Amino acid sequence: MLTDFHAINEKNYNQYKEKTVHGTPMLPFAKYHTEISGLLPFYPIHWHEEMEIIKVQSGKGVFYVDGGRYEAEAGDIIILRPFVMHSINRLGENDMTIDAIVFNLRLLETEGADVCTLKYFAPLLNERHSVPCIVRSSDSWYRPFDESTTSIFLCNPDEEGAELDIKANLYWMFYHIYNNRLINAQPNIAEDKRCYTVRRALEYIRAEYMNEITIEKIAKYCGYSEFYLMKLFKQHTGASIVDYVNNYRLTVAGRQLRDTDDDIATIAYQVGYNNVSYFNRQFKKQYGMTPKEFRSSPDRRPGSPAKPTV
């Protein structure tokens, strides 16, 4: 039975954003390392309330950020403000390794409404300001920004005084952003509306991936024509709706194969496949191995992605 999507509105919309907790309440900060390769060819589109900084350490790939497509290679740094939609994808046959830091801007707040919080961080958290998405080594301000981010990547959160080290470098990072006048304070209402539409489509898919999904149903839920929605979805995610649904189901299946003892047929049914043979073919096409091989060969499983998505 399908969910009553008319009951979903902006008030409870945030329940569909990524629910992963990054860091701890005392230190809402976390570091991740992942590889985008044939075994993990993409990281599904998602969003979260934390800010995220990603550095490409080797190779090259494609980042989709709120409708923009950015090819990145070793040395490039991706800046993602809170709540921005983003995904990471393989570029052709190229592999890519990345490091990421994810942190809540409240980490930099002091008690009370100080000047720094109100002037620099609140507008980012409230989505009134945006930052450049990608910093390349050819940019004039790359070196000092890279030094700050590299220091954060190298820090050990378990060491005495680590919080001070992390905060100091985060402040330096924002200093370079504001000092170089890289903040965009002009909201794009039209683009915000388009992003909201895609997010609603993603809500539907995440809630109903185990059931029959059609473009007609998603378009009706979003309130747009099928043609317009398909065009918008492709622009923002880099994938067709059909491909995204299939990839999302296979991502969930991969995690269930890794984390549970459920039999393959049960998992196939749970993620929306009624034909086990078709599920096996699609799984092998994406992961390069059958579900049985995936489960029985731990050393060949994809590495842990930067952030859990399901």
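Just so we're clear, the structure is a prediction, and the values are computed from it rather than from any experiment.
Criterion: ILVMFWY side-chain heavy atoms under 4.5 Å apart, direct or through other members. Under it, V62 and I45 are not part of a common hydrophobic cluster. Under the 4.5 Å side-chain contact rule for hydrophobic residues, L154 and I152 do not share a cluster. Residues I53 and F29 share a hydrophobic cluster, clusters being chains of Ile/Leu/Val/Met/Phe/Trp/Tyr side chains in contact below 4.5 Å. Placement of I267 and Y269 in two distinct hydrophobic clusters is found when ILVMFWY residues are connected by side-chain heavy-atom separations under 4.5 Å, directly or transitively. Linking ILVMFWY side-chain heavy atoms closer than 4.5 Å, directly or via other members, places V245 and V252 in a single hydrophobic cluster.
Between R69 and E71 there is a salt bridge, since at least one side-chain N of the basic residue sits less than 4.0 Å from a carboxylate O of the acidic one. At a threshold of 4.0 Å, the pair K60-D76 does not count as salt-bridged, since none of the basic side-chain nitrogens sits closer than that to a carboxylate oxygen. A salt bridge links E147 and R143; the closest N-O separation between the charged side-chain nitrogens and carboxylate oxygens is under 4.0 Å.
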Please list, one pair per line, the donor and acceptor atoms closer than 3.5 Å that link side chains of residues 88-103 to other protein atoms, with sequence neighbours excluded.
residue, atom, partner, partner atom, Å
N89, ND2, S87, OG, 3.2
R90, NE, N94, O, 3.3
R90, NE, D95, OD1, 3.2
R90, NH2, E93, O, 3.2
R90, NH2, D95, OD1, 2.7
N94, ND2, L91, O, 2.8
T97, OG1, S58, N, 3.3
T97, OG1, S58, OG, 2.4
D99, OD1, H33, ND1, 2.7
D99, OD2, Q57, NE2, 2.8

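Taken to the nearest 0.5 Å, the CG atom of N211 stands 13.0 Å off from the CD1 atom of I205. Going from atom CG of L80 over to atom NE2 of H48 covers 7.0 Å, rounded to the nearest 0.5 Å. To the nearest 0.5 Å, the span separating CD1 on I78 from SG on C133 amounts to 5.5 Å. A distance of 11.5 Å separates CE of M289 from CD of Q286, quoted to the nearest 0.5 Å. Atom CG in L232 sits 11.5 Å away from atom CZ in F227 (nearest 0.5 Å).
Counting heavy atoms from C-beta outward, L202 and Y248 have side chains that stay 4.5 Å or more apart. Proximity of Y64 to T237: side-chain heavy atoms (C-beta onward) are nowhere separated by under 4.5 Å. Side-chain atoms of V56 and F63, non-hydrogen and from C-beta on, do get closer than 4.5 Å to each other. Contact annotation: the side chain of E208 never approaches that of K217 to less than 4.5 Å [non-hydrogen atoms, C-beta and beyond]. For the pair L170 and M173, the minimum side-chain heavy-atom distance is below 4.5 Å. F145 places a side-chain heavy atom less than 4.5 Å from the side chain of I79. By the 4.5 Å heavy-atom criterion applied to side chains, V198 and M85 are counted as neighbours.
Both the sub-6.0 Å distance and the 45° axial angle are not jointly satisfied by R258 relative to the ring of F294. In this structure, R81 forms no cation-pi arrangement with W47, as its terminal cationic atom is not both closer than 6.0 Å to the ring centre and no more than 45° off the ring axis.
Partners of T214 by side-chain hydrogen bond (donor to acceptor under 3.5 Å, both in side chains), not counting sequence neighbours: none found. Take Y175 and apply the ring-ring contact (aromatic ring centres under 6.0 Å, His included) test, not counting sequence neighbours, and it matches W172. In this structure F279 satisfies the ring-ring contact (aromatic ring centres under 6.0 Å, His included) test together with Y273, F283, sequence neighbours excluded. Residues meeting the ring-ring contact (aromatic ring centres under 6.0 Å, His included) test with Y228, sequence neighbours left out: Y224.
Aromatic ring pairs are classed by plane angle as parallel below 30°, tilted from 30° to 60° and perpendicular above 60°; the pair Y204 and Y221 is tilted.
Other cluster members for L164: none, since no ILVMFWY side-chain heavy atom sits under 4.5 Å from it.
Minimum heavy-atom separation, L257 to P291: CD1-CB, 3.8 Å. The shortest heavy-atom contact between Y209 and R249 is O-NE, 2.7 Å. Annotation for L105 and M51: closest pair CD2-SD, 4.0 Å, computed over non-hydrogen atoms.
Looking at D165 and N169, their side chains do bring a donor and an acceptor atom within 3.5 Å of each other. No hydrogens or angles considered: a donor-acceptor pair under 3.5 Å links the side chains of N246 and Q282.
A side-chain donor-acceptor contact under 3.5 Å links K31 to the backbone of F153. When atom types are taken as modelled, the side chain of H86 and the backbone of V84 share a donor-acceptor pair closer than 3.5 angstrom. At distances below 3.5 Å, not a single donor-acceptor pair connects side-chain atoms of R136 with backbone N or O atoms of A72. Under the 3.5 Å distance criterion, the side-chain polar atoms of R200 are left unmatched by any main-chain donor or acceptor of C222. With hydrogens and angles ignored, the 3.5 Å screen pairs a side-chain donor or acceptor of T149 with a backbone N or O of D146. In this structure, N275 contributes its side chain and Y278 its backbone to a donor-acceptor pair below 3.5 Å. With D263 contributing its side chain and A265 its backbone, the two residues share a donor-acceptor pair below 3.5 Å.
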Working for side chain to side chain contact (heavy atoms under 4.5 Å, CB included), residues T150 and K55: CA-CA 9 Å; T150 298; K55 183 174 182 179; 3.8 Å; yes
Before giving the answer on side chain to side chain contact (heavy atoms under 4.5 Å, CB included), spell out for V242 and I215 the whole-Å C-alpha distance, their side-chain angles and the decisive distance to 0.1 Å.
CA-CA 8 Å; V242 172; I215 296 175; 4.2 Å; yes
Mind running side chain to side chain contact (heavy atoms under 4.5 Å, CB included) on I77 and I134 for me, showing each step along the way?
CA-CA 6 Å; I77 300 172; I134 188 165; over 6 Å; no
* Given N280 and I264, is the side chain to side chain contact (heavy atoms under 4.5 Å, CB included) satisfied, shown in steps? -> CA-CA 9 Å; N280 288 336; I264 294 173; 3.9 Å; yes
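The local environment of CG in D259 is crowded, with over 12 non-hydrogen atoms from other residues, nucleotides or ligands closer than 6.0 Å.
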